[in-house]
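Working notes for the structure below.
Numbering of ligands and ligand atoms starts at 1, following listing order. All residue numbers refer to positions in the sequence shown, counting from 1. On a predicted model such as this, the values are computed, not experimentally measured, just so you know.
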Amino acid sequence: MQVQWYPGHMTKAMRSMKEDIKLVDLCIELLDARVPISSRNPDINALAQNKFRLIILNKADLADPKTTEEWVSYFKNQGITAVALDARKNQSVSKVLSTVNEVCKEKMERDKRRGLLERPVKAIVAGIPNVGKSTFINSLSGKATAKTGNKPGVTKGNQWIRLNKKIDLLDTPGVLWPKFEDEKVGLNLSFIGSINDDVIEKTELAYEFVKMAQKSGLLPVLSERYGIEAAEEDDPNDLIRSIAIKRNCIKKGNEPDIDKASSMIIEDYRNGRFGAISLERP
Ligand code: G4P
């Protein structure tokens, strides 16, 4: 199965991202902690060349904590600091500010040595749709001491949020497009809900999800949640049928409602009802 999706407005988003990134010192890249590779746009390395970098492994509450730790080390080995986060929690977001200081320490010290006036680090948040960019910016700016930027009537430009004396954040995130030439990446992004659900049928998606669960040792989680017997060699369609029956997803004519059961399985995963499950490991 091939997931195909190339929205036209992405070219425009990429163009503004290219312009915006010229204005900043630091690129804060948000990834989904459950699928850090699939949710990463590979162009970011070229886009953010010569910038300070910080990776946020967001939605860490939905990912396996041990695997997330391994991802933090993985990025550290590549020379990029990564922080696991639940962007909805203001308290945990504030720890990001101190990490930004650490990441940009070199710049701050250099400015000082050159006798330059200490200027706040300018930062942009970037990531694929639905990864939590707006939530993250809102949580951060809840702590903002002031909003800076253009006054009404002045030509529309970039708005900066002053987070503290040391950090200014561009208030519009850079939207990156997921790249999914690889079928697995397309599926991972569909499982977490980063690709519109009209791109791939829910029934097909649930089939692929159950198949993935069979291959990656997640069957016990499914069995336990839905109270079904499941084996690796079972046909995923049969398992979805059993789940529909167990969960009373029945339509007219007393037939199992596969559509309804499929949506339920996918929503259960997206909302962490199977527990915190990572789909990618370093
Ligand atoms: P975006 O700007 O990158 O497109 O993402 P946005 O902030 O709009 O967040 C997308 C959804 O993800 C939101 O849910 C938001 O609450 C949720 N979210 C953001 N960060 C986290 C996190 O760290 N953990 C969890 N569990 N959820 C997070 P929503 O608007 O309610 O959408 P939905 O959940 O109804 O799909």
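Ionic pairing of Asp64 and Lys66 is not present here: no N-O contact between side-chain nitrogen and carboxylate oxygen is shorter than 4.0 angstrom. Using a 4.0 Å cut-off between a side-chain N of Lys or Arg and a carboxylate O of Asp or Glu, Glu267 and Lys202 qualify as a salt bridge.
Annotation: side chain to side chain donor-acceptor pair (under 3.5 Å) contacts of Asp86 (sequence neighbours excluded): Arg88.
Just one of Ile28, Leu169, Leu170 meets the side-chain contact (heavy atoms from CB on, under 4.5 Å) condition when paired with Ile124; it is Leu170.
No side-chain donor-acceptor contact under 3.5 Å links Asn271 to the backbone of Arg273. Of the possible polar contacts, none joining the Asp111 side chain to the Met108 backbone as a donor-acceptor pair under 3.5 Å is found.
Within 4.0 Å of ligand 1, heavy atoms belong to protein residues Asn58, Lys59, Asp61, Leu62, Leu85, Asp86, Ala87, Arg88, Ile128, Pro129, Asn130, Val131, Gly132, Lys133, Ser134, Thr135.
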